[in-house]
Amino acid sequence: MNTVLDRFLRYVQIDTRADDESASCPSTPGQLVLLRLLVDELRELGLEDVTIDGNGYVMATVPATIDRDVPAIGFIAHVDTSPEMSGTDVKPIVHAKWGGGDIVLPDDPTAVLRVADDPALAAQVGHDIVTASGLTLLGADDKAGVAAIVAAAEYLVRHLDVPHGPLRLGFTPDEEIGRGANHFDVARFGAACAYTLDGGSVGELEFESFSADAVRVSFLGFNTHPGYAKGRMVNAIKAAARFIDRLPGEGMSPETTDGYQGYVHPYQLEASVDRTSVRVLLRDFDTAQLRDKQAAVERLAREAAAEIGTRVEFEVQESYRNMREVLDRHPDVVEKARAAMRRLGVTSIERPIRGGTDGSRLSFMGLPTPNVFAGEHNFHSRLEWTSRQDLEKAADLVVELARVWAE
Ligand SMILES: [Zn+2]
């Protein structure tokens, strides 16, 4: 039997860094290497319906051990890692029975996990902490989830006395560049609900996310030779500057909000006299208030445009919606996650996600999907870490959820 830690250490050494410049799916070939390895491992374990589709999505079934008609439930993890940090030659290090001192990563002594700065780490004295070596991320986000799901599947096929219905497993590419749900075939997956294992500390249970849109506001001016521009030039940059300056700040910008507060966030500018575009992110937990934010942005842009004399155009793109809108209609899904955690002696930690997950998209595609812990800490960073104990708890949670749903 492979331990969940063995699996994890194997998976993180495969470079699966996503690339948002790439149009292919998966965006990078390394992801396919891991996805194909998973196909082999799942077949070796004797799972049924092990498939990989043209976009690299891997699905498999752990067959039911009971005759009663219980719903199929799913477990999903993503194989890619963040484009923000190198994932090449990840050298995982197991700090066995960690004594509680700061952890200096050997390949770059300036990369130090300081216990004083990291209460989640401080709580794990005596555990087997896993880090990278200082030059790369670790990839616990989300190979911790991948390893936990495969380890749980192995446990279940070797312990047929555990009562459970059919379990569907899904391994996806390119979550980190927001494409993880793009080609997810919900109908073929065929589960009543699912859980992404892509969370942090033991106990994390996430079922509320932002509702999110992106708006591109374009000011259209008129360019002439500046020496002969009097009375003719209309400078789009100046309209955009006025607009940005008037965007709500305190209590409505990322740098002044937290918890349940939403925000309006200009994050990219392409500027010329002729045409200046401002990209703005809109975020709110309440979709109706998201629309209010959009209306406010358009009003401010129109005012600025009128004052300078440009035209203005808007392109609104829906990003994702608060999964709670779906999950509130399926209260069992979250309730059973709480129940499974209680049985493991774990207190659930429930906080809104100030972002989106694949689950936010999947929930609206017909697959209610909250997110649960996988033991990811300091993700997207050289200081990323997890622990053997976290990985084992995540695998236990999968097993326990399977049990709870069969009752
Ligand atoms: Zn993740």
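Quick caveat, the model's predicted, so the values are computed rather than measured. Indexing begins at 1, ligand by ligand and atom by atom, following the structure's order.
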**Ion pair R388/D6, N-O distance below 4.0 Å** = no
**Asked** Charged N to carboxylate O under 4.0 angstrom, R343 versus E407?
**Response** yes
**Asked** Using the ring of each side chain (for Trp, its six-membered ring), is W385 parallel, tilted or perpendicular to H377, with breaks at 30° and 60°?
**Response** parallel
**Request:** Inspect the contact between E204 and R351 and indicate whether a charged nitrogen and a carboxylate oxygen are less than 4.0 angstrom apart.
**Result:** yes
**Prompt:** Parallel, tilted or perpendicular for H265 and Y263, by the 30°/60° rule?
**Reply:** perpendicular
**Request:** Please report the number of protein N, O or S atoms that lie less than 2.8 Å from the Zn ion (ligand 1).
**Result:** 4
**Message:** Is the ring pair Y57/H183 parallel, tilted or perpendicular, if the boundaries are 30 and 60 degrees?
**Reply:** perpendicular
